[in-house]
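Since the structure comes first, as structure tokens, the remarks are kept for the end.
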Amino acid sequence: MSRQDDTRVILLGCGAVVRQFYVPALQELEKLRSAKLVAFFDPLEEAREFVASRFGTAEPFSSVEDVLKVKADLVIIASPPGFHRAQAEAAFDQSLHVLCEKPMAGSSGDCETMINAALKSSRVLAVGHYKRFFPSHQLIANLIHQQTFGVLEAIEIQEGGKFLWPATESFFRKEQTPGGVLLDLGVHVFDLLLWWLGEPEHFTYQDDAGEGVEANACLIASYSRGPSVSVRLSRDWRTLNTYAFRFENALVHLRVNQANRVEVSLNGIPMTIAGELRERMRTEYPIESRALSTNPQAFVAQCLDVIDSIRNCRPPLVSGHDGWKAVKWIEACYERRTPLPMLWMERTQVR
Amino acid sequence: MSVAIVGASGFVGLRIAEQFLAESRDIRPLVRSASSLAVLARTKADWRICDFLSESTLSSAMEGCTACVHAAIGDANQIVEMATAAYRACAAANVPRLIWLSSASVHGLSPDPDTDETSLIHDRHPFPYNNAKVRAEWQLERLERDGKVEVIRLRPSIVYGPRSRWVADVAEDLLNGRAAWINDGRATCNAIYVDNLIEAIRLSLSVSEAAGQCFLLGDSESVTWREFCLPIAFSLGFTEKDFQSISPERSVFPREKTFSSFSVSKPYRSIAALLPDRAKRIVKGLAQSWRVPAIPLNPWRTDNTVKVGISAELASLQQCEWRLSFSKANRILGYSPQVSFRDGMRRSVQWLKFAGYPSTSTQSAPS
């Protein structure tokens, strides 16, 4: 039986992101008495069995229509992006709140439909850009706005490597997933850039897609009186997996997915400070403080934020509008796309 | 004429797919899992996902193809089993020709002088990979006696080019301050640019006299390991001084090789058949950490420098004194390398820059 204060959750889709992220996060939320999975949907029996084995009391469904009849508060949409809009609309029709996995939808038009449906039903629409919950990314937001190390001059982001995510074939079919590495990894990066800096004044975008989806992508962006930004994403070859921020007085490095670590090289100081981010120490009695969230803990924090926004009638940290902005920027990139030069291919063109 | 490419997500397989698509050839790329489609999905190829060890899934994936190029890699066990499965699948699917990418390492990593295709091969090499390649060739020779499929075995040695480990490893060793070579890199490097290997594959698909034969392959030029590594170093802003010259005795036998030896042993194979994948991964992890000497922490130790080493495999390759000849391939296939070593290395360096390595130039040698 669900406890009275638990947020009752329905899960739509039981694929890789659910196995890797939502299952352990929901288990933790159950321990915290914050949320309880009551039902889940996936068209594949094998996928349903995995979730069933972890949540004995939750009810499995093979139809979205049927699962949404279960009494609940929040729907987590973790199905392929092409289904997000229709499933969100169906959830709002049942007066349910929605946390939608990234990317918010396959097109900005679909995102707009979802936002309107949320407004009409007066329900929360949150988007799973959980990297905003990384303490390291929150540190960067503070450093940019408070100019602790001076003005931010440049950001250089390299992310990706050989593709190891246990994806299904639909992930690579353009008809079902309209983009490649930009839509996959880039949507997180774009959300962070939009959060930290707002929309860029100019940008150029290149990728290596032929008639399929890109494996390598490069973005150069500039901001009015702001930093220059370069982003390199790959699911082809290992990158440095580093976010570098050049401030007026310091260089700050973050390593991809290390949510609570930071490296700082102060100008004029011949060494680098590398360490863990912790809660601010009490100055009057400086005992060792607690470490801030790791990557999985940040994922749980995102779910807690959505639950709190439902309970306290406040917007979530990452709203549908934020998800829409990231998808819109990605769309603009694909519209302005130019081919990434692959000089070694010589006369060979990727078809 | 549709060509099945087994292992189309690997370094060679992917390049074959790219080249053949550019030539408007009809291809059928085969990969082991959806994740392997990450780079191939840039194209609109008619791919299939299948188990390379399963004759039945391979044969249905190859249905309608007129040839099969096998470029998949695997561990020592898989190499031999893949050869068997590939041959039988070709026979079942009426695919008349199988191009098997073997390796010059069937002759050892440092072959004896005068080695050529007539030299006897054996499976007593110190490295399981080489022995597996030998056994796979023997298995194919046995199987093709039924006359159902024509098998051509290609034996390249150091295949380099964009996405090659031979290029990327040198770059990463330099960037990490651990680059080394044996005896100043003076030994012979039997290199072949990947597009030259593909030229040999292209010829193997059509030359009828090639059936049942094996061919050693290489670039036109004879190069040393020093000549191979230096263009990569120069492109990254390094020089020969950044390579530490070490003696063969200082080579190391990596732990993963220890596991490879263990994994092909009869007792392990009989147990492994009963183990779930998760248990096998645990065994592999244990095997790889086995016999790691516990280094007591010495708070007074001041040497924090990177230890430079070289794998036993590379050390053996870097003692090679014999340039393998491709005269048989030239005579029977009409093989002639289309890309010079200089050009191949220039393209490899261009790729390094594309892949995000901090190249200072695209020159393959200092001016």
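Just the heavy atoms: all of them, side chains too, but no hydrogens, waters or symmetry mates, feed the values below. Throughout, a chain's letter reflects where its sequence line sits, starting with A, and its residues are numbered from 1.
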Requested in this report: Could you tell me whether I73(B) atom CD1 has more than 12 heavy atoms of other residues or ligands within 6.0 Å of it?
Outcome: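 Incorrect, the count does not exceed 12.
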**Report entry** F83(A) atom CZ, neighbour heavy-atom count above 12 within 6.0 Å
**Finding:**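 No.
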Measure distances from [X] to the heavy atoms of chain B and classify the residue's part below 4.5 Å as side chain, backbone, both or neither.
{"X": "F171(A)", "answer": "neither"}
{"X": "S234(A)", "answer": "neither"}
{"X": "W165(A)", "answer": "backbone"}
{"X": "N216(A)", "answer": "side chain"}
{"X": "R232(A)", "answer": "side chain"}

Report task. For E28(A), check salt bridge (Lys or Arg N to Asp or Glu O under 4.0 Å) against everything at least two apart and list the hits. Result ->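 Partners of E28(A) under the salt bridge (Lys or Arg N to Asp or Glu O under 4.0 Å) test: none.
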**Report entry** Listed partners of D236(A) passing salt bridge (Lys or Arg N to Asp or Glu O under 4.0 Å), at least two apart
**Finding:**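 Result, salt bridge (Lys or Arg N to Asp or Glu O under 4.0 Å) vs D236(A): R163(B).
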Query raised in the report: With a 4.5 angstrom heavy-atom cut-off, which part of I49(B) approaches chain A: side chain, backbone, both or neither?
Result: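 Answer is side chain: those atoms of I49(B) sit under 4.5 Å from chain A.
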Requested in this report: Tell me, please, whether F50(A) has R54(A) positioned over its six-membered ring: NZ or CZ under 6.0 Å from the ring centre and within 45 degrees of its axis?
Outcome: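 The answer is yes; both the distance and angle limits are met.
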Query raised in the report: Given the rule in the salt bridge (charged side-chain N to carboxylate O under 4.0 Å, His left out) test, do E172(B) and R238(A) qualify, once you have shown the distances and angles that lead to the verdict?
Result: CA-CA 11 Å; E172(B) 282 173 24; R238(A) 51 190 171 263; 2.5 Å; yes
Query - When G344(B), S36(B), G356(B) are compared by non-hydrogen pairs under 4.5 Å with chain A, the top option - result: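 Greatest number of close heavy-atom pairs with chain A: G356(B).
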